[in-house]
Amino acid sequence: MFQIRIHGRGGQGVVTAAEILSVAAFVEGHHAQAFPSFGSERMGAPVVSFCRIDSRPIRTREPVMEPDAIIIQDVTLLHQVDLFAGLATEGFVLVNTSQSLDDLGLGEFGRPFQRDRLLTCPATEFALEQLGKPLPNAALLGGFAALTAQVSLDAIDSAIRQRFEGTTGERNVAAATAAYRFITLAKEELTHAATD
Amino acid sequence: MLRQIEGSRAVAETVALCRPEVVCAYPISPQTHIIEALGAMVKSGSLTPCEFINVESEFAAMSVSIGASAAGARAYTATASQGLLFMLEAVYNAAGLGLPIVMTLANRAIGAPINIWNDHSDAMAVRDSGWIQLFAETNQEASDLHIQAFRLAEELSVPVMVCMDGFILTHAVEGIDVPEQSVVDAFLPPYEPRQVLDPADPVSIGAMVGPEAFEEVRYLAHLRQLDALERIPSLAEAFAEAVGRPSGGLLHAYRTADAETIVVALGSVLGTIKDAVDARREAGERIGVVGITAFRPFPGDAVRAALSGARRVVVVEKAFSIGFGGVLSTDVAMATHGGPGSLRTVIAGLGGRPITRRSLEVMLVAAGQDQLPPLTFLDLDHAIVERERGRMTRTRRSGPSAENILRDLGTVASRIG
């Protein structure tokens with residue numbers, strides 16, 4: 001089982017992101033479960049959503065306490081929420097930011113993690129370019145596919161198109177693709193840096 | 001066709017396949033998505049003929065459902081928590097009049113303190129109202145139970161409540177198969193009312209009944225529930241034949257054949273319990289699970305048979321009777337009266353507190369060593385309780401406990417579990 005936790009703020013599409021991810025996993029023939037953190041739904045309040053992907057039916061209903069991957073939609077949560085609770089050092093982290101981990105004050109924090117599993121992605125910028133709106137969901141899911149290889153970009157695209165029809169869907173797909181390329185490139189650069 | 005959809009969506013689509021003629025509800029979380037979806041289907045014309053009636057309260061929602069059902073319409077509504085309490089008088093009336101309304105209860109805690117999260121306090125508050133209460137373990141079962149509920153309700157002229165855990169099921173997106181219309185039509189015949197308000201053949205429904213006959217009318221309601229104990233398993237069999245998967249029935253037993261310890265519970269927590277039980281099995285414990293689907297009528301004989309081989313029974317409940325203890329436990333104790341084993345009650349998941357596999361396993365280890373007290377509150381923060389008790393001892397005007405405890409805890413927005 002692969003467990004994902006998504007952190008963001010009310011209105012950023014945290015719940016939608018987990019749902020789309022679960023649909024992408026379903027499209028690829030996996031069992032998947034997505035659910036929100038059941039909080040009061042207020043704009044701007046910290047919100048958490050969860051997604052599980054497995055080859056077997058998923059029975060558990062507990063929140064994801066020990067995630068394999070964390071997606072952070074909003075870096076302002078870094079000082080408010082225990083975002084990394086339960087994450088093992090072999091876990092994946094994708095942070096929506098155009099800053100570096102050092103800029104965010106996460107340089108020291110990140111050292112125990114595998115370098116190519118703790119990556120930043122300017123998902124909001126990709127969203128602004130493609131959608132004209134700061135909704136980083138689709139881009140983060142594209143980035144997640146590149147980071148973890150748990151689902152393919154095709155599956156993410158298919159799930160996005162199921163959720164958003166027409167032009168909105170295509171623009172979100174474009175944002176996801178841009179982020180996918182960005183993360184793929186970032187991983188390649190880290191691989192080269194390691195071999196150099 | 002299997003689709004990855006939200007539990008509420010699946011229930012709404014399934015209810016629509018049951019061809020309700022009147023849907024009347026008042027919005028309340030976590031039931032809202034179901035009713036919104038049905039409202040949209042009526043408006044778009046995809047659910048027709050059906051009237052969606054907006055009302056000003058839950059009391060009106062159930063009252064309109066009663067009127068619609070008495071006029072011969074297949075009536076559906078949904079509610080939760082305070083909404084159910086607000087319609088309570090009408091809930092009893094629907095059962096007392098024998099009107100086969102189907103209602104989804106998206107289980108949620110009851111205030112005060114106000115809390116929108118899941119537990120089973122609402123369902124337990126109407127335990128004795130005369131409604132049949134079926135609890136869904138998964139969204140697939142929640143969806144399937146609605147189809148069986150309409151047939152069961154209409155065959156017996158008893159209202160049926162399908163209980164599904166609020167948020168945990170209603171807001172979860174997972175693989176769910178909603179059957180084809182033709183399959184539902186074949187399983188669920190058109191509603192043939194036993195009593196109907198028809199201007200061409202006038203009757204009155206809702207007579208005042210005095211001491212001369214009240215007990216008999218009530219006893220008849222009891223007999224109809226006992227009839228339901230017979231019908232529920234046969235309907236589940238017919239459903240499995242028609243749809244091709246098991247769903248419903250009185251209870252589900254899991255790894256109980258050689259079990260010394262059996263955990264009993266209602267609803268979606270059974271999934272997490274099964275994972276915990278599998279882990280304890282791997283550690284060598286002989287342990288199993290009985291999930292009760294039909295809470296009312298309570299399947300005493302089936303529960304007794306399912307628990308007959310166990311030395312220990314642990315009932316995990318998402319509600320409790322304040323000042324006493326378990327509610328489901330009491331029924332299980334009555335069903336197994338004089339049985340060989342010990343019975344332990346574990347109250348868990350109140351007001352949406354996550355029931356984790358880890359906490360369940362720790363509890364089950366203690367149970368296996370006969371170290372579990374008769375009544376346990378899972379993951380209770382004793383320090384916080386003692387702090388407030390101390391405050392109440394020291395100060396007469398200690399203030400509202402809920403607010404005091406929240407202040408003690410500090411920010412809660414940072415919590416994940």
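Chain naming here is simple, since letters A, B, ... match the order of the sequence lines and numbering starts at 1 in each. Just so you know, these numbers use all the heavy atoms, side chains as well, and skip hydrogens, waters and symmetry mates.
- Taking the six-membered ring wherever Trp is involved, the centroid distance between the rings of A/Y180 and A/F144 does not fall below 6.0 Å.
- Judged as a side-chain contact (heavy atoms from CB on, under 4.5 Å), and not counting sequence neighbours, the contacts of B/T14 are B/S143, B/H146, B/I147, B/V178.
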Could you tabulate the donor-acceptor pairs under 3.5 Å formed by side-chain atoms of residues 16-28 of chain A, not counting sequence neighbours?
residue: A/E19; atom: OE1; partner: A/R163; partner atom: NH1; Å: 2.8
residue: A/S22; atom: OG; partner: A/E19; partner atom: O; Å: 2.8
residue: A/S22; atom: OG; partner: B/Q4; partner atom: NE2; Å: 3.0
residue: A/E28; atom: OE1; partner: A/S152; partner atom: N; Å: 3.3
residue: A/E28; atom: OE2; partner: A/S152; partner atom: N; Å: 3.4
residue: A/E28; atom: OE2; partner: A/S152; partner atom: OG; Å: 2.5

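- If you check the side chains of B/D177 and B/Q140, you find no donor sitting under 3.5 Å from an acceptor.
- Contact annotation for B/L270: neither backbone nor side-chain heavy atoms come within less than 4.5 Å of a heavy atom of chain A.
- Counting heavy-atom pairs closer than 4.5 Å to chain B, the top-ranked of the candidates A/H31, A/E66, A/Q162 is A/E66.
- Heavy atoms of B/D278 lying under 4.5 Å from chain A belong exclusively to its side chain.
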